[in-house]
Amino acid sequence: MRTPIIAGNWKLHMNPAQTAEFVKSVKDKLPESNKVESVIAAPAVDLDALIKASEGSNLSVAAENCYFEDEGAFTGETSPKVLKEMGVKYCIIGHSERRDYFHETDEDINKKAKAIFRNGLLPIICCGESLETREAGKEEEFVVDQIKKALAGLTSEQVSSLVIAYEPIWAIGTGKTATSDQAEEMCKTIRESIAKLYDEETAENVRIQYGGSVKPANVKELMAKPNIDGGLVGGASLEVESFLSLVNYQD
Ligand SMILES: O=C[C@H](O)COP(=O)(O)O
């Protein structure tokens, strides 16, 4: 039985004071973590504030990115080792914004996944096709290839514990959500590809989120789909009431 996981991805929004204020407003209104896991992924500069503010609550903390080395001469990078020491649980990798604007490759993402596990964190691995790829009818092939490359060399135990976020690029921040059927179809394809790469049990364990204009108005319909186990939410996670409606979608 997979526990649903709703994660806010704040991207480059919020400062430490706003972070502390936000968490103060939501911390006592989150669902039990065995019912729905509530997560916030914040910019690295806000993580300390996020961790301190969420102590003793049902909120899990995620980083939005990290490097694949633990330490060294890598100016400006974030160490997965230090993220773990700080109390971070998850780290998003492979977001399309990182792939597009920062030229991250599938190989980088695979190295990051390994670094994350090596340090006892869990990755939220993003994948998703462009509008052009979808219009060419190649979206399944494209996404399955991203997944294969991201997971290369990981054990079935590691894959069972990670989270995959399917985010069609054309639905991110555009207000244009994939229909729940389109989202379900791709999440099912991803699960089937994991069954082929690993086994049925691993595929049954892995949690798959949908991301792309998820909001209180569509979260229930998306979450009703059998292969969608959560949401990775950008814009709608930045407001207290909206975040609370998302994580409490079962009420
Ligand atoms: O990581 C979150 C996604 O990029 C979705 O962003 P959005 O909910 O603002 O469309």
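Remember, predicted model here, so these are calculated numbers, not experimental data.
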request  = Please test S130 against T133 for side chain to side chain donor-acceptor pair (under 3.5 Å), starting from the C-alpha separation and ending with a verdict.
outcome  = CA-CA 5 Å; S130 65; T133 303; 3.0 Å; yes

ask   = Checking side-chain contact (heavy atoms from CB on, under 4.5 Å) for the pair T19/L47: CA distance, chi angles, key distance, verdict?
value = CA-CA 9 Å; T19 300; L47 287 172; over 6 Å; no

task = Check the pair V26 / K29 against side-chain contact (heavy atoms from CB on, under 4.5 Å), numbers first and verdict last.
result = CA-CA 5 Å; V26 300; K29 297 174 187 159; 5.6 Å; no

inquiry  = Determine whether E32 and N58 satisfy the following criterion, side-chain contact (heavy atoms from CB on, under 4.5 Å), listing intermediate values before the conclusion.
reply    = CA-CA 7 Å; E32 288 301 319; N58 292 328; 4.3 Å; yes

inquiry  = I'd like to know whether T3 forms a side-chain contact (heavy atoms from CB on, under 4.5 Å) with N34, so could you lay out the CA-CA distance, the side-chain angles of the two residues, the decisive distance to 0.1 Å, and finally the verdict.
reply    = CA-CA 6 Å; T3 305; N34 58 0; 5.6 Å; no

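Without hydrogens or angle criteria, D100 side chain to E97 main chain gives no donor-acceptor distance under 3.5 Å. In terms of modelled atom types and a separation under 3.5 Å, the side chain of E135 and the main chain of E132 share no donor-acceptor contact. Side-chain atoms of S242 come within 3.5 Å of backbone atoms of A236 as a donor-acceptor pair (strictly under, hydrogens ignored). Y210 places a side-chain N or O within 3.5 Å of a backbone atom of A178 that can act as its donor or acceptor partner. With hydrogens and angles ignored, the 3.5 Å screen pairs a side-chain donor or acceptor of N110 with a backbone N or O of A152. Between the side chain of W10 and the backbone N or O of G234 there is no donor-acceptor pair closer than 3.5 Å. Here the side chain of R99 pairs a donor or acceptor atom with the backbone of C126 at under 3.5 angstrom. The backbone N or O of D251 sits nowhere less than 3.5 Å from a side-chain atom of N248 that would complete a donor-acceptor pair. Without hydrogens or angle criteria, S25 side chain to E21 main chain gives a donor-acceptor distance under 3.5 Å.
Side chain to side chain, S79 and E71 fail the donor-acceptor criterion of an N or O pair below 3.5 Å. In summary, the side chains of H95 and E167 do present a donor paired with an acceptor at a separation below 3.5 Å, with no hydrogens or angles considered. Using modelled atom types and a 3.5 Å distance limit, the side chains of N65 and K112 yield a donor-acceptor pair. Between the side chains of D108 and T105, at least one donor N or O sits under 3.5 Å from an acceptor N or O. A side-chain N or O of S60 and one of E37 form a donor-acceptor pair less than 3.5 Å apart. A donor and an acceptor atom, one from each side chain of D70 and N119, are located under 3.5 Å apart.
More than 12 heavy atoms of other residues, nucleotides or ligands shown are found within 6.0 angstrom of CD on E85. No more than 12 heavy atoms of other residues, nucleotides or ligands sit less than 6.0 Å from atom CD of E107. The number of heavy-atom neighbours closer than 6.0 Å to CD of E221, taken from other residues, nucleotides and ligands shown, is 12 or below. Within a 6.0 Å radius of CD in E200, other residues, nucleotides and ligands contribute 12 heavy atoms or fewer. Within 6.0 Å of NZ on K81 lie no more than 12 heavy atoms contributed by other residues, nucleotides or ligands.
Closest of all the heavy-atom pairs between E239 and F22 is C-CE1, 3.8 Å. In plain terms, the two heavy atoms of P226 and R2 that are nearest each other are O-NH2, 3.1 Å. When all heavy atoms of I228 and C187 are compared, the closest pair comes out as CG1-SG, 3.9 Å. Residues L122 and F117 approach most closely at CD2-CE2, 3.8 Å, considering heavy atoms. Here the shortest heavy-atom pairing between Y198 and L154 reads OH-O, 2.8 Å. Minimum heavy-atom separation, P31 to V247: CG-O, 3.4 Å.
Looking at heavy atoms from C-beta onward, Y249 lies out of side-chain contact with P216 at the 4.5 angstrom threshold. No side-chain heavy atom of L59 sits under 4.5 Å from any side-chain heavy atom of K27. The shortest distance between side-chain heavy atoms of Y90 and V61 does not fall below 4.5 Å. I116 places a side-chain heavy atom less than 4.5 Å from the side chain of C66. No side-chain heavy atom of K149 sits less than 4.5 Å from a side-chain heavy atom of I109. Within the 4.5 Å cutoff, no side-chain heavy atoms of I125 are placed close to those of Q146. Side-chain contact between I172 and S213: absent, with no pair of heavy atoms (C-beta onward) separated by less than 4.5 Å. Considering only heavy atoms from C-beta on, V233 stays 4.5 Å or farther from N9 through its side chain.
Rounded to the nearest 0.5 angstrom, K114 NZ and K111 NZ are separated by 9.5 Å. The CD1 atom of I194 sits 13.5 Å away from the CD atom of E201 when rounded to the nearest 0.5 Å. Rounding to the nearest 0.5 angstrom, the gap separating the CE atom in M186 from the OG atom in S193 is 10.0 Å. Expressed to the nearest 0.5 Å, how far NZ of K52 lies from CE of M86 amounts to 8.0 Å. Between the SG atom in C91 and the CG atom in L83 there is a gap of 6.0 Å [rounded to 0.5 Å]. Taken from CD1 in I190 to SG in C127, the straight-line distance is 4.0 Å, to the nearest 0.5 Å.
Relative ring orientation between F74 and Y67 is described as tilted, the plane-to-plane angle lying within the 30° to 60° band.
A continuous path of ILVMFWY side-chain contacts below 4.5 Å connects L197 to I93, so both sit in one hydrophobic cluster. Cluster membership check: V143 does not share its hydrophobic cluster with I169, using side-chain heavy-atom separations under 4.5 Å among Ile, Leu, Val, Met, Phe, Trp and Tyr. When hydrophobic clusters are built by joining Ile, Leu, Val, Met, Phe, Trp and Tyr residues whose side-chain heavy atoms come closer than 4.5 Å, directly or via intermediates, I6 is grouped together with L162. Under the 4.5 Å side-chain heavy-atom criterion for ILVMFWY residues, a single connected hydrophobic cluster contains both L232 and M14. The hydrophobic clustering, which links ILVMFWY residues whose side-chain heavy atoms are closer than 4.5 Å, places V144 and V163 apart.
Among the candidates E184, K188, E185, the single residue satisfying the side-chain hydrogen bond (donor to acceptor under 3.5 Å, both in side chains) test with N227 is E184.
Using a 4.0 Å cut-off between charged nitrogen and carboxylate oxygen, R134 and E129 count as a salt-bridge pair. Salt bridge status for K138 with D145: absent, with no side-chain N to carboxylate O gap under 4.0 Å. Between E64 and R98 there is no salt bridge, since no side-chain N of the basic residue sits under 4.0 Å from a carboxylate O of the acidic one. Electrostatic pairing of D229 and R191 counts as a salt bridge here, judged by a charged N lying under 4.0 Å from a carboxylate O. Between D106 and K148, none of the side-chain N atoms (NZ, or NE/NH1/NH2) sits under 4.0 Å from a carboxylate O, so this pair counts as no salt bridge.
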